Structure formats: structure tokens, C-alpha cells
Novice: 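Below you'll find the structure I mean.
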Protein chains: 2
Amino acid sequence: MGNSRDDVLRTALEILHRYGLADLSMRRLAAELGVRPSALYWHFPNKQSLLTAMADEVLGRVGPGSARMRWDHRIERVATDMRAALLRVTDGAELVSAGQASGLSTTTVGDYLTDAARHGGLSDRDANATRTAVCQLVIGLTMEQQTRAQMERIGAAEPSDRDFDTEFADGLALILDGARHRRATGH
Amino acid sequence: MGNSRDDVLRTALEILHRYGLADLSMRRLAAELGVRPSALYWHFPNKQSLLTAMADEVLGRVGPGSARMRWDHRIERVATDMRAALLRVTDGAELVSAGQASGLSTTTVGDYLTDAARHGGLSDRDANATRTAVCQLVIGLTMEQQTRAQMERIGAAEPSDRDFDTEFADGLALILDGARHRRATGH
DNA sequence: ACCTGAACACCGTTCAAGT
DNA sequence: ACCTGAACACCGTTCAAGT
């Protein structure tokens, strides 16, 4: 009985969650599946495409938010959900960051943000700026948090006293203030 | 005649600029210096510390901006200089992102942003939120731009029509609107 | 102060061939 | 449809020993 593409993907996510991104090698993944490394290349053309599929899986459960909410609350909700999704998996932010940078990820969650801003009355340009600022904040700050956590676990850094949840909330509130101001002034 | 720590650092930056981060291996760096890989470990305890030193070098030329400028113009200036510094070297943003995430980088440029915001009358908390939002935008968006450029160079992606300079300017303007609003309302 | 030699324990990827 | 076998061209790091 052979493995399906989905078996590979699921096992990869398990390794990621248990041991982190640095320990997710094609060779180790193959071993976990009871198969030779070369077998993986029947399911995915290369490691990058596997990582992209994993990133899409991690962000896949983030919803668009309710259209009945106020537009700014909706952005807040999507951003918070996105952050929670990244935090749910070890090194989730780094994974998504790599996928985003490579441009291969289908980042529907970014579109949710743009849509919410546009429904709030922002121009296309302002809506896009909001999306960009929010996405970079979520991914970048969460990546810092998870990398820090990983280093503390190894003992390569002493525990810091930073409160990432508050830093995130403050940064998001600042951006939303900017977005509301843009809406008020027309453009 | 032996190599100094500075020779190693300078050669590493040359390789980075000419071939990108993926091609910067300890073995290749050693070859370029005419030395065995193990020799590098006399100068740096490991690769990560070399990368951190490189990141500090890349951001080292970014100044604090003039204290005589308006606070928001000053933030704009520092952020723009930072972006320019990252763009000056191949994969500069990814390098700095890794250093920042690891927490080993001495990121004085972040302090310039916080200081400027505080001088503008923002609370410590708002000043910090401004710094966070700006830093994540600069690093994240520039990383996207450079990764995309690298992939187009290899032929792994067709040229996109995105205008990163405009995206950056718009995102920064939005954040600064938020910061100015915070100042006006007191907190 | 700076480097060699030799080793250890790994990587991603290709491709003909097998079932 | 899915996998093996074997190979290619690499990695970072350690450590005793050399000059």
C-alpha cells in the first residue's frame, strides 16, 4: 500500500509541529513514512512546493470573517485568527513567510483583509496598504516570537520579558487608526 | 599571512552580494579565502554569528536622522534609509530578518524609530508600536521584493507587475497616519 | 594567532529500473 | 500508481595537531 500526497503532507506537518522546521528534511520525512527519500519526488516536485502546500494548509482554516461586522472589527478578527493559526504550529510563521516570499502561496487571507477594508469605504490603494501593513506585522512579529521560543527551548537565549500579544495588539491598533483616518479624509 | 576576522566578514559580504544568501556556505567562503572550512571557526563560533555580524554591517550605515526634522518626517527618513540599506545587498532583507528573529542582532535602527516617535510626543507604548509596525513593514516587504527578484533571475517565476516602492510608501504613510492620530488624541 | 587533516553526521535531487 | 537503488554534489561542525 502506497502513500498518497495527503499522507506525505500530513506527516510533514506532524514533524514540523513536533520538532520544528529545522528538523524537517526530505530524508527524515521519508524515514517517518517508511520510504526512501526519492519516493517523495513522486508526490512533490521539490521541497519548496511541499513547504508551500504546508503553508497553505496552516492558513487554510482562517475564515473571511462575518460581513455583518464593522469593517475595522473584521480586519481585527481576520488578523487575530491569522496570528492564532501561525501560533498553532511550531515555526508556523517562518513557514508562511518563506511561502509568501517565494510568491507560490495562494494567500487568500490577504484578500480577506483587502475586501474588508474596501467594504469599509477605503480606496483600492488604501485597502491594499492596510493589507500589506497588517500581513507584515502578523507574520514578522509572530516569527520573532516563535524563533525566540525555539531558541529558549534549546538554551541559546535566556527568556525575554517581551509580551508579544500586547505588541501585536498595539501595532494592529495603530495601523487600524491609520486606516480609519484614511477613510475619514476620503484619500 | 593569516586572515583577520574582518577579512572573513568582508569576503562573506562579497559572496552574498554576488551570488545571494543560498550560495553563502562556510565551505565556499573558506575556498574564497584560500583556507579550509575549519579555519573559519577560529574567527566565528558558528555560521549564525557570522550572519548576525553581516546583518549588523548592512544596517550599520543607517543614521538616526536629524533631530531638527519634524518627528514624522524623521521616521519616514530612517525607514526609507533602512529600506535602501537592505536593497543595497542581495538578500539583505532575508539576512536581517534572520538576525532579528534570532534576537542576536543589535538593532539600533529600531531605537532611532522609537526615539523619533517619543520626541514627537507619543507615549512609550505608542512609540514602540510605531517602531514595530515600521520595522516589520520594511523588512517583510523588502524581503518579498528581493526573493521575487531572485526567483525571476533563476527563471522560477515570471516578472510581476508589482511596484514595491509604492507599496512601501503607502504602507508607511498609513502607519504614520496612525501614529499622528495617536499623538493628537493623547493615547 | 591562525590554520590543516580527517572525520562525523548530515543535506536535496535525479533517474533508470522495479512492482 | 508508487517505490527502490545508487549515485551526485553538496552541507555545518568538531578537534587534535601543526606552525
Side-chain angles (χ1 to χ4, degrees), chain A residues 1-13 15-16 18-55 90-91 94-95 98-99 101-102 104 147 150-151 153-157, chain B residues 1-13 15-16 18-55 90-91 94-95 98-99 101-102 104 147 150-151 153-157:
Chain A
M1 265 288 80
N3 294 293
S4 68
R5 184 192 140 106
D6 234 70
D7 293 331
V8 176
L9 192 52
R10 214 177 39 247
T11 306
L13 283 163
I15 294 179
L16 178 72
R18 277 217 277 271
Y19 308 100
L21 198 58
D23 281 20
L24 176 66
S25 67
M26 297 300 269
R27 299 177 104 100
R28 170 153 197 179
L29 174 56
E32 205 85 18
L33 285 160
V35 109
R36 304 285 147 165
S38 51
L40 299 176
Y41 292 83
W42 195 90
H43 301 284
F44 294 91
N46 47 49
K47 188 177 184 181
Q48 182 56 57
S49 69
L50 169 65
L51 292 175
T52 304
M54 293 171 70
T90 314
D91 294 331
E94 197 182 344
L95 178 76
S102 77
L104 300 172
T147 308
Q150 186 78 353
M151 294 192 70
R153 213 168 296 127
I154 307 173
Chain B
M1 266 286 80
N3 294 293
S4 69
R5 185 192 139 104
D6 235 71
D7 293 332
V8 176
L9 192 53
R10 215 177 39 245
T11 306
L13 284 163
I15 294 178
L16 178 72
R18 276 217 276 270
Y19 308 101
L21 198 58
D23 281 18
L24 177 66
S25 68
M26 298 299 268
R27 298 179 104 100
R28 168 152 199 180
L29 174 55
E32 204 85 21
L33 285 160
V35 109
R36 303 285 145 165
S38 51
L40 299 175
Y41 292 83
W42 195 89
H43 300 285
F44 294 91
N46 48 50
K47 188 178 183 180
Q48 182 56 56
S49 69
L50 170 65
L51 292 175
T52 304
M54 293 171 69
T90 314
D91 293 332
E94 198 181 344
L95 178 76
S102 78
L104 300 172
T147 308
Q150 186 78 354
M151 293 191 69
R153 213 168 298 126
I154 307 171

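Note that this is a predicted model, so its numbers are computed, not measured. Protein chains get the first letters and strands the later ones, always in sequence-line order, with residue 1 at the start of each.
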Novice: Hey, is the side chain of B:Asn3 poking within less than 4.0 Å of OP1 or OP2 on C:dC3, counting only N and O atoms?
Specialist: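 Yes, because at least one side-chain N or O of B:Asn3 sits under 4.0 Å from OP1 or OP2 of C:dC3.
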
Novice: So, is A:Ser38 close to the C:dT14 phosphate, meaning a side-chain N or O under 4.0 Å from OP1 or OP2?
Specialist: no

Novice: Quick one: A:Leu29 CG to C:dG12 P, roughly how many Å, whole number?
Specialist: 9 Å

Novice: Between D:dA9 and C:dC10, how far apart are the two C1' atoms, rounded to whole Å?
Specialist: 14 Å

Novice: How far apart are the closest heavy atoms of B:Ser102 and B:Thr52, and which atoms are they?
Specialist: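 Closest heavy-atom pair between B:Ser102 and B:Thr52: OG-OG1, 4.4 Å.
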
Novice: On the nucleotide C:dA1, are OP1 or OP2 found under 4.0 Å from the side-chain N or O atoms that B:His43 carries?
Specialist: no

Novice: So which nucleotide from D:dT13, C:dC11, C:dC2 ends up closest to the side chain of B:Trp42?
Specialist: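 When the side chain of B:Trp42 is considered, C:dC2 is the closest of D:dT13, C:dC11, C:dC2.
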
Novice: C1' atom, C:dA16 versus D:dC3: distance in rounded Å?
Specialist: 13 Å

Novice: Reading DNA chain C from 5' onward, which residue's closest nucleotide shows up sooner: B:Ser4 or A:Lys47?
Specialist: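 Nearest nucleotide further toward 5': that of B:Ser4.
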
Novice: Using atom C1' of each nucleotide, how far apart are D:dC2 and C:dA17 to the nearest Å?
Specialist: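 Each nucleotide's C1' atom is 13 Å from the other's.
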
Novice: Between C:dC3, D:dG5, C:dC11, which nucleotide gets closest to the side-chain atoms of A:Arg36?
Specialist: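 Nearest to the side-chain atoms of A:Arg36, counting from C-beta on, is D:dG5.
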
Novice: When you measure from the side chain of B:Arg28, which nucleotide among D:dT13, D:dC3, D:dC11 comes out closest?
Specialist: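 Of the candidates, D:dC11 comes closest.
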
Novice: Between C:dT4, D:dT13, C:dG12, which one does the side chain of B:Asn46 approach most closely?
Specialist: D:dT13

